Amino acid sequence: MSYDLKREEEVKEYVENLGIEYRFGCYKEKKPEVCHLLGDYLEAIKKDFKKAAAVYKSNCDDYNHGKSCLKYGNYALLGKGRETSDTKEALKYFEKGCELNDPTACLHAGVILTATGPAVTVPRDVPKGYNYLKKSCDQNDAMACHYLAGMYLTGVPRNPTEYNPHSPEKNKNIDYLIKPDPTQAFGFAKKGCENGNIFACANVSLMYKKGEGVKQDLEQSKKYFKIAETLQKADETTKQLKFQQGLENK
């Protein structure tokens, strides 16, 4: 059956039929990909976050669908579709999603395990978190590569309270879980840039300019600065288009 999507009543019928198809494919045919689509449908179309969360969780638990593990992890972290947020629950699902080779789940698990500060509620485990971030970067997640570059730029102290960004000489004497390594930092920053991270490109440009982690090369510095500029303009254009579309839809 074809629909005239310019007619409101046919759009509504199409949307309802879509939900029926997803429910059938998920509950009767037990297809994980369709269950994930059902979760997306409940989230984006029906705005029923509680039901969406239940579908994502079930699809992760029962069918080992990595994207659904990631989605439910996000829901748990944000307290979406549930009464409260739960970082430990979120980490559990991010870790499972990572085991199922979802790179964004690996990124989130890595960030949680390497984070510091008063808001952190999960025990810090830098080696484990590093491995998650490395797996994410290996799968070309630009943010994970950028995050790893930052870890090698400053180093990761065993005791974060000992680190002082304004006293580089004192920082040389503290105990590091990951020692500063400009060469490693450059490699991860370059990969992050190649996969579209603006800040990674800016770091590559700066490292070429200063000769940190790579031989000084002002031409390469200019090249990566222009790449960062291009990515920034593209990002601003995308945001502007989304904003204009939002206004038109009001």
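Keep in mind that what you see is a predicted model, and the values were worked out from it rather than measured. What's counted below: heavy atoms across the whole structure, side chains too, no hydrogens, waters or symmetry copies.
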If two hydrophobic side chains count as joined below 4.5 Å and joins carry through other members, does [X] share a cluster with [Y]?
X: Ile45; Y: Leu18; answer: yes
X: Leu38; Y: Val15; answer: yes
X: Leu206; Y: Tyr152; answer: no
X: Leu77; Y: Leu91; answer: yes
X: Val156; Y: Leu133; answer: yes

Consider only side-chain N and O atoms of [X] and [Y], and report whether a donor and an acceptor are under 3.5 Å apart.
X: Tyr176; Y: Asp181; answer: no
X: Lys67; Y: Asn59; answer: no
X: Tyr163; Y: Arg158; answer: no
X: Glu33; Y: Tyr63; answer: no
X: Asn101; Y: Lys135; answer: yes

What are the two closest non-hydrogen atoms of [X] and [Y], and how far apart are they?
X: Leu107; Y: Asp141; result: CD2-OD1, 3.7 Å
X: Ser136; Y: Ala144; result: OG-CB, 3.3 Å
X: Pro160; Y: Thr116; result: CG-CG2, 3.6 Å
X: Cys193; Y: Ile227; result: SG-CG2, 4.0 Å
X: Ala90; Y: Gly73; result: CB-O, 3.3 Å
X: Pro157; Y: Arg124; result: O-NH2, 2.9 Å

[X] (side chain) donor-acceptor with [Y] (main chain) under 3.5 angstrom:
X: Thr230; Y: Lys226; value: yes
X: Ser58; Y: Ala54; value: no
X: Asp102; Y: Cys98; value: no
X: Ser221; Y: Ser205; value: yes
X: Ser68; Y: Cys60; value: no

Min side-chain heavy-atom separation [X]-[Y] under 4.5 Å:
X: Leu70; Y: Phe94; answer: yes
X: Ile198; Y: Asp235; answer: yes
X: Glu95; Y: Leu113; answer: yes
X: Leu148; Y: Tyr130; answer: yes
X: Lys215; Y: Tyr208; answer: no
X: Val214; Y: Thr183; answer: no
X: Asn64; Y: Lys96; answer: yes
X: Tyr41; Y: Glu21; answer: no

Q: Could you check Lys80, Lys51, Lys50 and say which one makes a salt bridge (charged side-chain N to carboxylate O under 4.0 Å, His left out) with Glu43?
A: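 Filter result, single survivor: Lys80.
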Quick one: [atom1] on [X] to [atom2] on [Y], what's the gap to the nearest 0.5 Å?
X: Lys222; Y: Glu229; atom1: NZ; atom2: CD; answer: 12.5 Å
X: Thr104; Y: Met143; atom1: OG1; atom2: CE; answer: 10.5 Å
X: Cys69; Y: Glu99; atom1: SG; atom2: CD; answer: 9.0 Å

Hey, are [X] and [Y] close enough for a salt bridge, meaning a charged N less than 4.0 Å from a carboxylate O?
X: Glu169; Y: Lys172; value: yes
X: Glu219; Y: Lys209; value: no
X: Glu194; Y: Lys190; value: yes

Q: Measure from the ring center of Tyr147 to the ring center of Phe188 and say whether it is less than 6.0 Å.
A: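 Ring centres of Phe188 and Tyr147 not closer than 6.0 Å.
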Q) Yes or no on side-chain contact (heavy atoms from CB on, under 4.5 Å) for Lys191 and Cys137, after CA distance, side-chain angles and deciding distance? A) CA-CA 8 Å; Lys191 186 166 185 179; Cys137 179; 3.9 Å; yes
Q) Does Glu83 CD have over 12 foreign heavy atoms under 6.0 Å away? A)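 Atom CD in Glu83 is not crowded, with 12 or fewer foreign heavy atoms closer than 6.0 Å.
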Q: Measure the acute angle between the ring planes of Tyr56 and His36, then classify it against the limits of 30° and 60° as parallel, tilted or perpendicular.
A: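 Tilted, since the angle between the ring planes falls between 30° and 60°.
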Q. After noting the C-alpha distance and the side-chain angles of Met151 and Ile178, does the key distance pass the side-chain contact (heavy atoms from CB on, under 4.5 Å) rule?
A. CA-CA 7 Å; Met151 292 171 78; Ile178 296 176; 3.7 Å; yes
Q.
Evaluate Lys128 against Thr114 for side-chain contact (heavy atoms from CB on, under 4.5 Å), listing each step before the verdict.
A. CA-CA 8 Å; Lys128 190 176 183 181; Thr114 57; over 6 Å; no
Q: Would you please test Leu37 and Lys31 for side-chain contact (heavy atoms from CB on, under 4.5 Å) and show each step?
A: CA-CA 10 Å; Leu37 288 173; Lys31 294 179 179 179; over 6 Å; no
